Q: 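Below is the structure I would like to discuss, written out as structure tokens.
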Protein chains: 2
Amino acid sequence: MNKAARTKQFIVEKTAPVFNEKGYAGTSLTDMTNATGLTKGSIYGNFANKDEVALAAFEYNIRQITDIIRQEKAKHDTYRGKLLAYVHTYNNFLKHPFPAGGCPILNTATEADDTHPALKERAAWALGKWKEAVMQDITRGILQGEFDKDTPVEQAALTILAMVEGCLMITKLTGKMHYRNAIMQSLETFIREL
Amino acid sequence: MNKAARTKQFIVEKTAPVFNEKGYAGTSLTDMTNATGLTKGSIYGNFANKDEVALAAFEYNIRQITDIIRQEKAKHDTYRGKLLAYVHTYNNFLKHPFPAGGCPILNTATEADDTHPALKERAAWALGKWKEAVMQDITRGILQGEFDKDTPVEQAALTILAMVEGCLMITKLTGKMHYRNAIMQSLETFIREL
DNA sequence: TTAAAAATATACCAATCGGTATAATAATTC
DNA sequence: GAATTATTATACCGATTGGTATATTTTTAA
């Protein structure tokens, strides 16, 4: 890993939380130089434009979360346990190195909707991957006899995603932790009833 | 209603969809003059600054939705019917004059989180009002014997909100209508099981 | 209808935006 | 260790940002 690659990585790591908190349009080059301590020339020597940094930062934030989830899922053998890992992870997300600013998919979905199609595409892709992962857990759980074999797999997966994202949004907006606990309680019930 | 008040209203109506689509930071004064056909001087003669217009536009978008929901709820006598009105309204929201850009609470929650505290406060307030309305429907439904008397009222209300907002986010990001239908199906089931 | 008041348009402000050419510096290769 | 290449900093670009002072036009009240 040569100097250039290291600096590139450094820029991504330092700007990722800023992009996630302030959004794409809200993050200026000045924010980026402040976050990194580097100058504009230095940043533009490693990236073609702000878009490239934003995209790389988004990927970084996504990977941050998927790594945590994968780790937590691995702790459980049953597929119900793996699904419940979402509940417990998000319910204690202060314990984990979650990206500052919350869920990057949620953040990107609303802002980049009309303004930044490339970023929106990445966010949609990430959501799709997440959906597939949950669907796979449900499908395998059905095969293992853990879940009802008549479970509508895609619908259940989408419902889990919606509850998690809705929960994150409400918690972020209100700051009330018992709101989060309440919604996560419902999600747990939903998963246990599959 | 004198000229000034009419112009103020006109500015709000024309800029409200722009703010909701592009966000607060993403909407420039040029966007506002384009949307209204007025000049900067004219806008600043009626509002102190961009903040004031953004706040008024947010209130306008919120009222737009609450009016529709109130109307749809009034069509049903039962409280279960009133709750299901959320499902049916959002499921056919193309039929209604919903604000362009989707749910203003969702849009504001993510963007204004760190950047615009006043707007965030209004969004949190609107969400709180919504939560209270749903809780009231559930409480009255319990008194009427429609719902199980052991229903955790606040938890159920928050879950409904989370599912709706999560659904809106996923639909906005992916554009897939059958995702929306699936999640709304789960919400309907949830309400019917209260 | 005319005078006072209010609303709108024009022209401008400093500051910041994203981006770049060039010079200086550091890393790499021979 | 010297030469070359890659990386970073400086200084600047035009365009756009939010905002304002002033002039002009339009409402409103007498």
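Because the structure is a prediction, the values reported are computed rather than measured. A, B, ... follow the sequence lines: proteins, then strands. Residue 1 opens every chain.
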Q: Any side-chain N or O of A:Thr39 below 4.0 angstrom from OP1/OP2 of D:dT8?
A: no

Q: Tell me whether the OP1 or OP2 atom of C:dT16 has a side-chain N or O from A:Thr30 closer than 4.0 Å.
A: no

Q: Nearest of D:dG18, C:dG18, D:dT28 to any side-chain atom of B:Arg6?
A: D:dT28

Q: Check every strand shown and say whether A:Thr27 touches a base, only sugar-phosphate, or nothing at a heavy-atom separation below 4.0 Å.
A: sugar-phosphate

Q: To check you understand the geometry: which heavy-atom pair defines the closest contact between A:Lys22 and A:Thr27, and what is its length?
A: CB-OG1, 3.5 Å

Q: Below 4.0 angstrom from OP1 or OP2 of C:dT8, is there any side-chain N or O of B:Asn46?
A: yes

Q: Please state how far atom CG in B:Asn49 lies from atom C1' in D:dT20, giving the value in whole angstrom units.
A: 13 Å

Q: Can you measure A:Phe47 atom CZ to C:dT20 atom P for me and round it to whole angstrom units?
A: 15 Å

Q: So, does A:Thr7 get its side chain near the phosphate of D:dT8, meaning an N or O under 4.0 Å from OP1 or OP2?
A: yes

Q: Kindly give the heavy-atom pair with the smallest separation between A:Lys131 and A:Glu154, and that separation in Å.
A: NZ-OE2, 2.7 Å

Q: Any idea which of C:dC12, D:dT17, C:dT8 is nearest the B:Ser42 side chain?
A: C:dT8

Q: With a distance cut-off below 6.0 Å to the six-membered ring centre and an angular limit of 45° from the axis, does B:Lys50 pair with B:Phe19 as a cation-pi contact?
A: no

Q: Answer yes when A:Asp137 and A:Lys73 have at least one side-chain N-carboxylate O distance shorter than 4.0 Å, and no when they do not.
A: yes

Q: Are B:Tyr44 and D:dG19 close enough that a side-chain N or O sits under 4.0 Å from OP1 or OP2?
A: yes

Q: Locate the shortest heavy-atom distance separating B:Leu194 from B:Ala156; write the atom from each residue and the value.
A: CD2-CB, 4.0 Å

Q: Over how many whole Å does the gap from A:Leu29 atom CG to D:dT16 atom P extend?
A: 16 Å

Q: More 5' along DNA chain C: B:Lys40 or B:Gly37, using each one's nearest nucleotide?
A: B:Gly37

Q: Return the value, rounded to whole Å, for the distance between atom CD1 of A:Ile43 and atom P of D:dA6.
A: 21 Å

Q: Can you tell me how far P of D:dA9 sits from CG of A:Leu38, to the nearest Å?
A: 6 Å

Q: Would you kindly give the NZ-to-P distance between B:Lys8 and C:dA6, to the nearest whole Å?
A: 14 Å

Q: Rounding to a whole Å, what distance do you find between A:Glu52:CD and C:dG18:C1'?
A: 14 Å

Q: Could you state the NZ-P distance from B:Lys50 to D:dT17, rounded to the nearest angstrom?
A: 9 Å

